[in-house]
Amino acid sequence: MELKEILPLIFSVASFIGILATIIYQVSTYRTTKKTSALQRFDTSYFNMLGLQQQITNELKSPDDDITVKGRALFEYLYLNYEKKSKKQKNKSSIIESVCGPDSKNCGKDSMMSLIYFQGLEAYGQSDLPTVFDHYFRHLYRIVKYIDAPQHKFLSKKERYNYAANLRGTLSKYELIWLYYNCLAGPGKQKFKPLVEKYALLKNIRPELLSISKEFRFYAGTNTPRSIQDIEGYNDFDFYLTDDEKQKDKFYLGAFYNEQELEDEKRKFRENQPDFNAWVARKPSQPAPNP
C-alpha cells in the first residue's frame with residue numbers, strides 16, 4: 001500500500017480517536033456534573049435536617065412543670081438525676097448511692113438509670129421518661145435512614161460513613177446513653193439498631209455511664225441479685241455486647257468501632273470472654289439492696 005493511500009487511513013483513525021475522546025470526556029463531565037448536582041441537593045437536605053434536629057433538641061421540656069431543666073441538659077437530668085416531686089428527699093438513701101456511686105449526691109430514685117437497675121430493661125418501655133424524646137429519636141432515625149438510602153448511588157460507602165460520623169459528633173455523652181437504651185429496649189430496636197451498628201453511631205459512648213440492669217444482676221440463674229461489689233466493674237456494656245451480627249438482643253461490636261478497628265476489637269472481645277464467663281460462674285457473695 002502506497003503512502004498516499006495510508007495517510008488518509010491514518011487521518012481517519014486519528015479523527016475517530018479524537019471524536020471518541022471527546023465523547024468520553026463529555027460523558028465523564030456529564031457524570032461529574034450530575035453527581036455534583038445530586039451531592040449538592042443531598043447536602044442541602046442533610047444540613048437542613050441537622051438544623052431541625054438541633055431545634056428539636058433545644059425545645060425539649062421536662063415531664064414535670066415545676067422542673068426548669070430543658071433542652072440538651074434534659075438527657076442527663078432524666079437519666080441520672082430525676083425524682084418525682086412527691087419522692088424528693090433531703091438525705092439520699094444508701095440504695096440510691098449503691099446504684100450511682102457514693103459520690104453521686106444528686107442521683108434520683110426515679111431516674112432512668114435507677115429504673116433500669118431495679119426493674120430491668122422493661123422499665124424503659126413502661127416509664128413515661130422516654131416519651132419525652134420520641135420526636136427527637138424519630139427525626140434522628142430519619143437522618144440516618146436518609147444517609148443510608150439506596151437511591152443515593154452517588155455516595156460511596158466511605159462518604160456515607162463520614163456523614164454519619166458528622167451526625168454522631170453532634171451527640172452529647174448522655175444523648176448516646178439514651179440512644180443505647182432506645183435501641184436495646186425501646187422503639188429503636190427493630191429498625192434503628194441495625195443502622196447504629198452499621199455506622200458505629202455509639203463509637204463515642206462512655207461505657208461507665210451505663211446502668212447495671214436487673215437482668216444483668218440476676219444473670220446466669222442466680223437467685224440473689226449481685227451487689228455493686230459483686231459486679232467487679234462490669235455493667236450493661238459488657239453484658240449486652242456480642243461479636244455476632246445476627247444476635248438481636250445485644251449490640252454488635254460494629255455499633256462502637258469502625259471497620260478499621262473492628263477485627264482487632266473482635267479478637268479482644270473473644271480473648272476476654274473466658275474471664276467474663278468465669279465471673280458469671282461465681283455466685284454473688286453479698287445480696288444487693290431492695291428498692
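Everything quoted here is computed from the prediction, not taken from an experiment.
Ring centroids of Tyr234 and Phe276 are separated by less than 6.0 Å, placing the two rings close together. Residues Tyr141 and Phe192 place their aromatic rings such that the two centres sit under 6.0 Å apart. Ring centers of Tyr163 and Tyr46: under 6.0 Å apart, within the cut-off.
Heavy-atom minimum distance, Arg270 versus Asp243: NE-OD2, 2.6 Å. The minimum heavy-atom distance between Ile177 and Arg206, with the atom names listed, is CD1-O, 4.0 Å. In this structure, Leu60 and Lys70 approach most closely via the heavy-atom pair O-CB, 3.2 Å. Between Ser111 and Leu129, the closest heavy-atom pair is C-CD1, 4.3 Å. Listed here is the closest heavy atom pair of Gln119 and Gln126: OE1-OE1, 4.3 Å. Here the closest heavy-atom approach between residue Leu241 and residue Phe237 is recorded as CB-O, 3.2 Å.
A 4.5 Å side-chain heavy-atom check between Glu245 and Glu197 finds every atom pair outside the cut-off. The shortest side-chain heavy-atom distance between Leu195 and Leu201 does not fall under the 4.5 Å cut-off. Within the 4.5 Å cutoff, the side chain of Val132 has no heavy atoms near those of the Ser62 side chain. Counting heavy atoms from C-beta outward, Val144 and Leu167 have side chains that approach closer than 4.5 Å. Residues Ile147 and Tyr161 are not in side-chain contact: their nearest non-hydrogen atoms beyond the backbone lie 4.5 Å or more apart. Looking at Met112 and Ser211, their side chains never come closer than 4.5 Å, going by heavy atoms from C-beta outward. Taking the side chain as every heavy atom from C-beta outward, Glu259 and Lys157 approach each other to under 4.5 Å. Within the 4.5 Å cutoff, side-chain heavy atoms of Asp43 are placed close to those of Leu39.
A donor-acceptor pair under 3.5 Å links the side-chain atoms of Glu175 to the main chain of Ser172, judged by distance alone. In this structure, Glu83 contributes its side chain and Gly108 its backbone to no donor-acceptor pair below 3.5 Å. Without hydrogens or angle criteria, Asp64 side chain to Ile67 main chain gives no donor-acceptor distance under 3.5 Å. Judged by distance alone, with hydrogens and angles left aside, the side-chain atoms of Arg168 form a donor-acceptor pair with the main-chain N or O of Ala200 at under 3.5 Å. Under a 3.5 Å cut-off, the side chain of Asp275 and the backbone N or O of Asn272 do not form any donor-acceptor pair.
The aromatic rings of Tyr82 and Tyr77 sit perpendicular, their planes meeting at an angle over 60°, well past the 30° parallel limit. Using the six-membered ring where Trp is involved, His152 and Phe154 have ring planes that are tilted, between 30° and 60° apart. The aromatic rings of Phe256 and Tyr180 lie tilted to each other, with the angle between the two planes from 30° to 60°. Using the six-membered ring where Trp is involved, Phe133 and Phe75 have ring planes that are parallel, under 30° apart on the 30 and 60° scheme.
Counted by atom type alone, Thr57 and Gln54 present zero donor-acceptor pairs between their side chains at under 3.5 Å. Side-chain atoms of Arg142 and Gln53 include no donor-acceptor pair closer than 3.5 Å.
Once rounded to the nearest 0.5 Å, the distance linking CZ of Phe269 with CG of Asp244 reads 9.5 Å. Note that CG of Leu52 is 4.0 Å distant from CD1 of Ile56, once rounded to the nearest 0.5 Å. To the nearest 0.5 Å, the span separating CE on Met113 from CG on Leu78 amounts to 14.5 Å. Considering CG of Asp110 and CG of Asp128, their distance stands at 11.5 Å, rounded to 0.5 Å. Residue Asp249 holds its CG atom at 8.0 Å from CG of Leu184, rounded to the nearest 0.5 Å. We find the CD-CG distance between Gln55 and Leu50 to be 13.0 Å, quoted to the nearest 0.5 Å.
Under the 4.0 Å criterion applied to side-chain N and carboxylate O atoms, Asp148 and Arg160 are not assigned as salt-bridge partners. Between Glu122 and Lys214, none of the side-chain N atoms (NZ, or NE/NH1/NH2) sits under 4.0 Å from a carboxylate O, so this pair counts as no salt bridge. The existence of a salt bridge linking Glu263 and Arg267 is excluded, since no basic side-chain nitrogen approaches an acidic carboxylate oxygen closer than 4.0 Å. Under 4.0 Å is where a charged nitrogen must lie from a carboxylate oxygen, and between Lys173 and Glu76 no such pair does.
Within 6.0 Å of NZ in Lys266 there are more than 12 heavy atoms belonging to other residues, nucleotides or ligands. More than 12 heavy atoms of other residues, nucleotides or ligands shown are found within 6.0 angstrom of CD on Gln151.
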(request) Could you walk me through whether Glu261 and Lys203 pass side chain to side chain contact (heavy atoms under 4.5 Å, CB included), step by step? (result) CA-CA 11 Å; Glu261 303 166 323; Lys203 180 175 171 58; 2.7 Å; yes
(request) Start with the C-alpha distance between Ile205 and Leu210, add both sets of side-chain angles, then the distance that settles side chain to side chain contact (heavy atoms under 4.5 Å, CB included), and finish with yes or no. (result) CA-CA 9 Å; Ile205 198 170; Leu210 293 170; 4.2 Å; yes
(request) Using the side chain to side chain contact (heavy atoms under 4.5 Å, CB included) rule, take Leu253 and Thr242 through it: C-alpha gap first, then chi angles, then the decisive distance, then the call. (result) CA-CA 6 Å; Leu253 284 160; Thr242 180; over 6 Å; no
(request) Applying side chain to side chain contact (heavy atoms under 4.5 Å, CB included), run through Phe251 and Lys193 and close with a yes or a no. (result) CA-CA 8 Å; Phe251 270 109; Lys193 182 171 171 286; 4.0 Å; yes
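Both tests hold for Lys250 against Phe239: distance to the six-membered ring centre under 6.0 Å, angle to the ring axis within 45°.
The side-chain hydrogen bond (donor to acceptor under 3.5 Å, both in side chains) test with Ser213 is passed by exactly one of Tyr117, Tyr124, Tyr240: Tyr240.
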